[in-house]
Amino acid sequence: MRAENQVAPSASAAGAQEGNLVQLLIQRAQNASKAGVTHKKDGRWQDVTFGQVLDDVKALSAGLVAQGVKPGDRVALFANTSLQWIIADLAITAAQAITVPIYSSNLPDEFRYVINHSETSFVFVDNDEKDAKQVGRLTRVRQKLAECPTVTKVIVFESSAAGSQNVSQAGSLEVSLADVMAQGREAHQANPGAFEERVASVKSEDTNCLIYTSGTTGDPKGAILTHGNWTYQAHAVQAIGMMEPTDAVMLFLPLAHVFAQVVKAAWLSMGFRLIVAESVDKLMANIVETRPTVLPSVPRVFEKVYNTVVSNGTSAPGLKGRLTRWAFKLFDEYVDAMQQGRPYDSLGFSIAKKLVFTKVRGTLDEKLGGNMRLFVSGGAPLSRKIGYFFDLLGFKVVEGYGLTETAAPTNANRPNKIKIGTVGPAMPGTEVKIAADGEVLARGPCIMKGYYKNDTATAEVIEPDGWFHTGDIGELDADGYLRITDRKKDIIVTAGGKNVAPQNIENTLKTFPILSQAMVYGDKRPYLVALITVAEDAAKKLLEEKGAPVGSYAENAKRPEVHAAVKAVLDKMNADSPPYATIKRFTVMPADFTQESGELTPTLKVKRKVCSTKYKAQIDAMYDNVAVID
């Protein structure tokens, strides 16, 4: 399965880097008073210096060793993104152990699988029991501990009444983070040289973490990522100007994902100020309060911003609504022209820019804190339409591409040269090429060692000469900019033998405010169908405007007005598509796809295998006696 095509040009310079991330922290802390992190504590935003972070890492690492953590032990982190998460992660490295990040949204059985496959001995968990919407993580851990025989200790970030009772019980596995820190401070004071000795012994080629893939098509696999992977990425990100030492970078992404891990590595390398958001739900409010300059994000956030602008603007009463509808009609024409590679300019569009889009820019700038230098998009494909929207407003969106197995970016657009619709050229020191069958291959210091306890799967994706098979289909332009067209395994081959890339269709569908999620299906079938979920607020607004009854999500999803709106979207899509790529039938689902219900990965990508199995009856019905879209 060797690829023969030419290698994409990549910038020189960055190659394998020596050392580990704790050593980068030690360098940052030489300026002990420099604010390294801003986070909310006791109801207010507080700065924490690199010196304070290092002190906590020293104490916690010594505490872990005192608790029995040995070199090479796997230590899991099952918690929301927070400063505590970062300190625990670095302390695990400083104890010569290996971090096993687990998504905070993982269900009990998913947690159990990762713990047992990785043979984890210690588990950090935050106590979110106050959230009544779902079973908290501490409860999920307690539910599965009996099925996780390798776990010897559970370290709870925050104490609670229930947690304290468990800690006091003889033989309990639970201990509070505060107790481990206190124990560690005493141990470190007694032998301060032990910390430096442990850190110095951690080499760049050593395993830093096992990050488990999100499992869109089956059981997750544990990618073995080294300290050298992260130090390389940190220097590469700086080399292309994606982030700079003077930036204030907002972090809300899950630290169990490689995208957030690259942000963390770059922070330690460059020393910019890292702003840790309270939660995804509070992201926009946190942005206004802290005024970051860079926001790394998944496309779903950009989609929601765009859809909110369109929905609010076009539904406004009077002249404002008419002007916005007219302006966005012209914007659609502009996008069509850009995608076809032809120029678009008109007097009307020039007027629309001044009357409508300038005001939209001002409003968004205010909502984004007024200090935003650029956005970084990754984790999933960004719709070109969304890219053109932000570009029109004067916002830079740097889209990149990578996988868990590549420690995040193999490619990224450059802030001074963004090509919308591409994921940019290769990162400095990384090679990228296209195989004969169209698959994207990559080689360089970012590639994982392999899959944990799975030599067969490793051999399937990594060539003896180092080329990694991404599983994505793409093409390179004359400048070496990569365009991803779809996942190799996701390509639909219809009964008529036509190849269709479903992800492209789904990404475009999600740019319409009435839609939340979409899954296109049709492999070996005579035509394409789609499972559709609607955006709850947009559906309510539509029904209110039409004077129709408004009820629960499931009730609204059944309303004929909502179905008509979805059909209008599909009619528009179908009009611009070849016959074999049109969606003939659709089903509006009674509930949105979520991580908790199992349809979405933590980066909000649809799990095709899960949906195809879970909703087999609905899919099969669309190939029976259901009206076809004309």
Indicate whether any N or O donor in one side chain lies under 3.5 Å from an N or O acceptor in the other, for Tyr103 and Thr601.
-> no
Gln595 and Ser105 side chains, donor-acceptor separation under 3.5 Å = yes
Is Glu506 salt-bridged to Arg608, cutoff N-O under 4.0 Å?
-> yes
Sorted by chain and residue number, the salt bridge (Lys or Arg N to Asp or Glu O under 4.0 Å) partners of Arg273 (sequence neighbours excluded) come out as none
Between Glu399 and Asn413, do the side chains contain an N or O donor and an N or O acceptor separated by less than 3.5 Å?
-> no
Identify, with sequence neighbours excluded, every residue that meets side-chain hydrogen bond (donor to acceptor under 3.5 Å, both in side chains) alongside Gln503.
-> none
Under 3.5 Å, is there a donor-acceptor pair linking the side chains of Thr582 and Lys584?
-> yes
Verify whether one side chain among Thr594 and Ser597 offers a donor that lies under 3.5 Å from an acceptor in the other.
-> yes
All pairs passing salt bridge (charged side-chain N to carboxylate O under 4.0 Å, His left out) where residues 238-255 contributes a residue, at least two apart = Glu244-Arg373, Asp247-Arg373
Just checking, any donor-acceptor pair under 3.5 angstrom between side chains of Asn371 and Thr293?
-> no
What pairs of donor and acceptor atoms, side-chain ones from residues 330-340 against any protein atom, are under 3.5 angstrom apart with sequence neighbours left out?
residue	atom	partner	partner atom	Å
Asp332	OD1	Lys385	NZ	3.1
Glu333	OE1	Tyr344	OH	2.8
Glu333	OE2	Lys329	NZ	3.3
Gln340	OE1	Arg342	NE	3.0

Side chain to side chain donor-acceptor pair (under 3.5 Å) partners of residues 348-366, not counting sequence neighbours, each pair once = none
Can you find a side-chain donor-acceptor pair between Ser383 and Asn507 that sits under 3.5 Å?
-> no
Residues Glu599, Lys607: salt bridge by 4.0 Å N-O rule | no
Are any of the side-chain nitrogens in Lys40 or Glu289 under 4.0 Å away from the carboxylate oxygens of its partner?
-> yes
Inspect the contact between Asp479 and Lys417 and indicate whether a charged nitrogen and a carboxylate oxygen are less than 4.0 angstrom apart.
-> yes
Donor on one side chain, acceptor on other, Arg585 and Tyr527, under 3.5 Å = yes
Using the test side-chain hydrogen bond (donor to acceptor under 3.5 Å, both in side chains), find all partners of Asn312 that sit at least two apart in sequence or belong to another chain.
-> Lys541
